[in-house]
Amino acid sequence: MKKTFLKFMMIASVLGTVMVSCSSDDDSGDKNTCSDGIQNGDETGVDCGGSSCQPCASNALEGEITDELTLDASVEYELKGKLEILDGGKLTIPAGTVIKATGGTASYIAVAQGGQIFVNGTASDPVVMTSGEASPAAGNWGGLVVCGKAPTNKGTAVTSEVADLTYGGSVTDDNSGVIRYLRIEYTGATFTNDKEFNGLSLFGVGSGTTVEYVQSYNGGDDGIEFFGGTVTGKYLVSTNSGDDGIDFADGWNGNGDFWYISGAAFAGIEGSNLAEEPAGVDPVTTTTLSNITVAGPVTEGALYYKEGGGNFTIDNFYAAGVDLGVKVKDSDTPAATRLEADALKITNMQFASVADGFEKTDYTGANQSFISEGIATGAGNGAAAPDWAAGWTRGLDNSGVTESNLEGTITSAVSLQADVKYLLTSKLEVLDGGELTIPAGTIIEATGQTSSYIAVAQGGKIFINGTATDPVVMTSGEASPAPGDWGGLVVCGKAPTNKGTAVTSEVADLTYGGTVADDNSGSITYLRLEYTGATFTNSKEFNGLSLFGVGSETTVEYVQSYNGNDDGIEFFGGTVTGKYLVSTNSGDDGIDFADGWNGNGEFWYISGAAFAGIEGSNLAEEPAGVDPVTTTTLSNITVVGPVSEGALYYKEGGGKFTIDNFYTSGIDLGVKVKSTDAPAATRIEAGDLVITNIQFDAKATGFVETDYAGAKQDFYTEGTATGAGNGAATPDWATGWTVGL
C-alpha cells in the first residue's frame, strides 16, 4: 500500500477535496527549498506545493474511494459529506488521526460490500471521528457504516437502513477490514424521518473482520449495532447513547466479549431476531456474550430480549443502577417460546445499587430460572470503568457502587470490595477451585431468609480478612433484625469425621469428610455473624458458623456469633482449631463440637446461651469402635450464664477432653452428663474428661457442680481462673470488633 501524499492527490478530484495551505506564513525568498521549514518560492505551504515540492495534503474528505488511500495522522480531516469505500477500495487510518464531521446529516463514512477499512488506532493514540461543530452535540453527523456479505435473516441482498448500501449474502468469513481503537463521537444524525445513524453500524459483516476497542460517545441513537452477520465485537464501549447501548438483530451470529455500557437512554443491550418473525426464519440470532457491564439508569432493562430474541448465552453480567434486569414484552410470542425452550441462559448476573422498584425480569412465563445470579466482574471492574478502556475512551464514570446483590456460585478467584454493601439475596456457594476473598470492613446483609447463606464446598476456599478495628460483618438486612433472619456461614472440608468419608452436611446439602487431616479451606479472621439460624428443614437450623470436616490448615480466629437462633459456632468432625471465639445470645448452645472433632480451642468467651455454654459430643447412638473419637484440648474458656444445660454438656459419648482455666459465672450447673449416656460415663470413668482450674463464680440458685452420678467425681479440679482473659468481663482481645458484650 502506497503511503504518499501523491496518492492522495491522485484521487483528490474524486473525493472533492479542497487543497489548503500548510501555513499562512510567507517568506520573501524566491526559491523553493522544500525542506527548510519555511514557505518560500512558489510553495503553497511550508515545504509543499509550488513547482517542485510534493503536494500539500488536503484536509477535506468526501466522495468515493475505489483504490487505496492512506490518511496522514498529522492532518486533522474535515468530513464534509459522505465518504464511501466502494468495492475494491481500501481506506487506512493510522493511529492518532482525527476526523471532524461538518456536513450534518449528509456526513458519514460507509464501507460498501467488497470495500475495506483499516482503523489502526492504539490505546495511547486512538483514531477519533467526531463533530466539527463549535458546540458538539449528539446527532451532529451520521457515523460509521460497514456493509458485508455475511448472512442475515433479512435476505441476501438487502438495503441498509442508513447509507442505502447493499448487504447480506452467504460469505460467513467475509472480511471488511480491521477496526481497532476507534472513538466515535456525537453521531446519530437523522437519515430519514424514522431512521437515525448509530455510532457504528455493522450490516452483514463477516467473521474475517476485526472489531475491537471501539467507543461510541454521546450518540443520538444506538451506540453500536449488529444487523445480522457473523463478526465478533470485543472491548466495546457505549457511553450516553440516545437509544440502546449495544443492539444486535436480524440473525447476528457473532459473539461479544468485554462490553462496557453506561448511560443508555433505553436498553443497555437490545437483542432481537426479526420483527414480525415468520416461521422457519434463518439464521436465528445466536450469540455468546461474556464479561458485560451495564451501568444504568436505563428505561428498558439491562437486556431487552425482543422480537423473538434468539439463542443467547450470557455469563459474567454486571448490572448497576437498573430497575429492571431483563425486559420481555408480553406480546412477544416468539421470544416467550424461546425462553421456555431455554434459549436464553444468563449465568453469574450480579445486580448492584438497584433502583427503586427493581425487578430481575418482567417476564411472566413459567421459566423463571433463565437468570442465575452470581458474583460478576462484568467488563473488568464491575460498574467502574474497566482497565482496558483507560487512555483511549472519554466520559466514563469511574465511581463504583454502594450496594450489590450477592448470590450464585463461585468457581474461580473472586474478591469483594469493602466500600460496597452486599445484599445476600440467596445462597452463595464457593465450589471446588473457587476462592472468595472478603476484605476488612466488608458488610454483607442477608435478605433472603432461609435461602440465604454462604457455603464453602470441598475444594473451595474463603479468605475473610477482617481486622480488630474493621471486622467483616455478615448480618440481617431486615428493618428490624431478629435471630433466624438468614442462614449463616458453612464450610465443608476433607478432614476426618466419624460420620463417614463422604457425608452430606445437615445444612447446605454439601459433601464433607475424608482423610485429609491438613485440608485447607482458607482463613477466617475477625468475622462477626449476626441474626443467623434460619430453619433449613423442619428439624435442622443453621448455626452462625458451621465447620464440617474442616482441616487443620484452615484458620478460624476472632469470630463472633451474635443473636443466632441455633448454636453460635459448631465443629462437625474435622481437625481445625478455633481461637478467640465469641458466642453471644445463641438460641441453643454457645459452642458445639461433635462427630470426631480433633481440633483444639483456645480463648472462648460465651454468654447468653439458651442451653449449654459448650456442648461436646462424639456420636449419637455411638457404636463400638467408632473412629475418630472426639479429642480436644480447650484452654482459657469463659461461660457466663444463665444456661439451662450446664457450662459444659458432655453428651453422646463425649470424647477425650482436656480443659484448663475454665471460668464460669451465673450458672446453676457446671458439667451436665445424662444418666442414660453409657458411652459418656465409660469415658469419664476411664479418665477421658479432665478439667483443671475451673472456677464457679456468682453461682445461681440451686447450683450444683455436676449432675454426673458415677463413681469418678474427681474429673474436675477447682481453682482460680481468668477464663478468656478477664473472667466474666469482656476479654481485651474482643474489644472493638464484637457487639453485645
Side-chain angles (χ1 to χ4, degrees), residues 406-408 410 416 422-430 436 438 442-457 460 462-464 466 471-478 481-493 504-510 512 521-522 524-550 554 556-574 576 578 581-594 606 608-611 615 738-740:
L406 200 60
E407 69 169 73
I410 295 173
L416 303 187
Y422 292 92
L423 305 179
L424 185 67
T425 55
S426 188
K427 68 178 178 181
L428 176 66
E429 292 182 315
V430 185
L436 173 61
I438 307 179
T442 303
I443 296 175
I444 299 173
E445 293 187 355
T447 59
Q449 298 181 335
T450 302
S451 63
S452 288
Y453 58 89
I454 299 175
V456 182
I462 190 167
F463 297 93
I464 297 177
V472 170
V473 179
M474 299 179 182
T475 188
S476 167
E478 300 298 325
D485 275 352
W486 67 291
L489 175 59
V490 177
V491 184
C492 295
T504 299
S505 59
E506 72 173 31
V507 291
D509 285 336
L510 293 172
Y512 74 97
S521 297
I524 301 173
T525 57
Y526 289 106
L527 167 66
R528 191 167 74 238
L529 295 146
E530 303 176 347
Y531 306 108
T532 61
T535 300
F536 189 67
T537 67
N538 289 336
S539 60
K540 297 176 182 178
E541 293 176 315
F542 283 92
N543 307 304
L545 173 61
S546 300
L547 300 160
F548 290 92
V550 175
T554 309
V556 178
E557 297 179 353
Y558 301 100
V559 178
Q560 179 186 24
S561 171
Y562 173 73
N563 281 8
N565 200 42
D566 199 48
D567 298 333
I569 300 168
E570 184 162 4
F571 302 82
F572 297 84
V576 65
L581 306 184
V582 178
S583 178
T584 310
N585 302 338
S586 58
D588 195 344
D589 307 311
I591 298 180
D592 195 340
F593 52 85
I606 300 161
F611 290 86
E615 180 177 286
T738 59
V739 295

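Scope of the values below: all heavy atoms of this structure, side chains included, with no hydrogens, waters or symmetry mates. Numbering of residues begins at 1 and proceeds along the displayed sequence.
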Problem set entry | Donor-acceptor under 3.5 Å (W486 side chain, T425 main chain) | no

Exercise. Any donor-acceptor pair under 3.5 Å linking the side chain of S583 with the backbone of G590?
Worked result: yes

By side-chain contact (heavy atoms from CB on, under 4.5 Å), which residues pair with [X], not counting sequence neighbours?
| X | answer |
| --- | --- |
| V550 | V491, S521, L547, T554, V576 |
| A508 | Y453, A455, V490, S505, L510 |
| T584 | Q560, Y562, V582, S607, L741 |
| D589 | D567, D592, F611, A612, E615, E645 |

For [X], all residues meeting ring pair (Phe, Tyr, Trp, His ring centres under 6.0 Å), sequence neighbours excluded:
| X | value |
| --- | --- |
| Y422 | none |
| F571 | W597 |
| F548 | Y512, F572 |

Exercise. Which residues pass the salt bridge (Lys or Arg N to Asp or Glu O under 4.0 Å) test with E541, sequence neighbours left out?
Worked result: none

Only counting residues at least two apart or in another chain, list the ones meeting side chain to side chain donor-acceptor pair (under 3.5 Å) with [X].
| X | result |
| --- | --- |
| T525 | none |
| N585 | N563 |
| T442 | none |
| S546 | N543 |

Exercise. Would a 4.5 Å heavy-atom cut-off, applied to side chains only, mark L428 and I444 as touching?
Worked result: no

Exercise. Going through the distances and angles, do L527 and V556 end up as a side chain to side chain contact (heavy atoms under 4.5 Å, CB included)?
Worked result: CA-CA 9 Å; L527 167 66; V556 178; over 6 Å; no

Problem set entry | L424 vs M474, side chain to side chain contact (heavy atoms under 4.5 Å, CB included): CA-CA, chis, key distance, verdict | CA-CA 9 Å; L424 185 67; M474 299 179 182; over 6 Å; no

Exercise. Can you name the nearest heavy-atom pair linking S561 to G544, along with the distance?
Worked result: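 In terms of heavy atoms, the two residues are closest at OG-CA, 4.0 Å.
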
Exercise. Should V507 and F542 be marked as a side chain to side chain contact (heavy atoms under 4.5 Å, CB included) after you check the CA-CA gap, both sets of side-chain angles, and the distance that decides it?
Worked result: CA-CA 6 Å; V507 291; F542 283 92; 3.6 Å; yes

